[in-house]
Amino acid sequence: MPRGAEGPVPWKASDQVDLRMQFITRLRGGELMVDLCREFGISRKTGHKFARRYEQYGVDGVKDQSRAPKTCHHRIDNATAELIVAMRP
């Protein structure tokens, strides 16, 4: 059964950051990653991801991150765009 279809949902939408901070606080308090992940209903990979983000960015690291691409590989440079615009009638 896919997670979330009828089973437990790892994070509730309304208090995701609070739950993630509880997870981080307990992890930093010495509880084991595997036990916390099981209790919170997340994979160890996700647990490590939030721990790493918290270490790098603090509280902002446990907030949802944008999934939008950071670059567009087929985008033309500004000089080319200006030439195209200049050529328009």
Side-chain angles (χ1 to χ4, degrees):
M1 149 176 48
R3 180 174 271 163
E6 295 177 14
V9 177
W11 310 105
K12 303 293 183 218
S14 62
D15 55 355
Q16 286 181 342
V17 175
D18 292 338
L19 284 173
R20 291 172 184 171
M21 283 308 301
Q22 287 177 17
F23 176 86
I24 295 297
T25 302
R26 290 175 58 187
L27 181 65
R28 292 173 59 104
E31 293 189 50
L32 295 176
M33 175 71 75
V34 67
D35 295 336
L36 287 171
C37 290
R38 188 175 298 123
E39 180 181 333
F40 280 82
I42 60 172
S43 68
R44 288 190 319 239
K45 181 178 179 181
T46 300
H48 285 289
K49 173 178 72 174
F50 287 126
R52 183 181 64 252
R53 284 186 187 171
Y54 180 80
E55 291 298 321
Q56 289 178 340
Y57 307 110
V59 175
D60 287 337
V62 296
K63 295 178 182 175
D64 285 335
Q65 306 292 311
S66 172
R67 294 182 179 203
K70 296 188 180 7
T71 60
C72 181
H73 299 288
H74 61 274
R75 182 179 179 158
I76 60 173
D77 59 77
N78 288 338
T80 305
E82 289 173 6
L83 285 173
I84 292 171
V85 170
M87 292 174 58
R88 289 185 179 168

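Predicted model, so just to flag it, every value in this text is computed and none were measured. Numbers here are sequence positions counted from 1.
The CG atom of L36 sits 13.5 Å away from the CZ atom of F50 when rounded to the nearest 0.5 Å. Of the inter-residue distances, the one linking Y54 atom OH with R20 atom CZ reads 14.5 Å to the nearest 0.5 angstrom. Expressed to the nearest 0.5 Å, how far CZ of R88 lies from CG of L83 amounts to 12.5 Å.
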Decide yes or no on side chain to side chain contact (heavy atoms under 4.5 Å, CB included) for I24 and E55, but give the supporting numbers first.
CA-CA 10 Å; I24 295 297; E55 291 298 321; over 6 Å; no

Would M21 and D18 satisfy side chain to side chain contact (heavy atoms under 4.5 Å, CB included), going step by step from the backbone distance to the final call?
CA-CA 5 Å; M21 283 308 301; D18 292 338; 5.8 Å; no

Would F23 and I42 count as a side chain to side chain contact (heavy atoms under 4.5 Å, CB included) here? Give the steps.
CA-CA 11 Å; F23 176 86; I42 60 172; 3.9 Å; yes

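For the residue pair Q65 and D60, the shortest heavy atom distance occurs at NE2-O, 3.5 Å. Minimum interatomic distance between M33 and A51 (heavy atoms only, all atoms of both residues): CE-CB, 4.3 Å. Smallest separation of non-hydrogen atoms from G47 and C37: CA-SG, 4.0 Å. Contact between I76 and T80 at its shortest, heavy atoms only, is CD1-CG2, 4.2 Å.
Taking a 4.5 Å side-chain heavy-atom cut-off between Ile, Leu, Val, Met, Phe, Trp and Tyr, the cluster of L32 extends to V34.
For residues 31-43, the set of pairs meeting the salt bridge (charged side-chain N to carboxylate O under 4.0 Å, His left out) definition, not counting sequence neighbours, comprises R26-E31, R26-E39, D35-R38.
Looking at K63 and Y57, their side chains never come closer than 4.5 Å, going by heavy atoms from C-beta outward.
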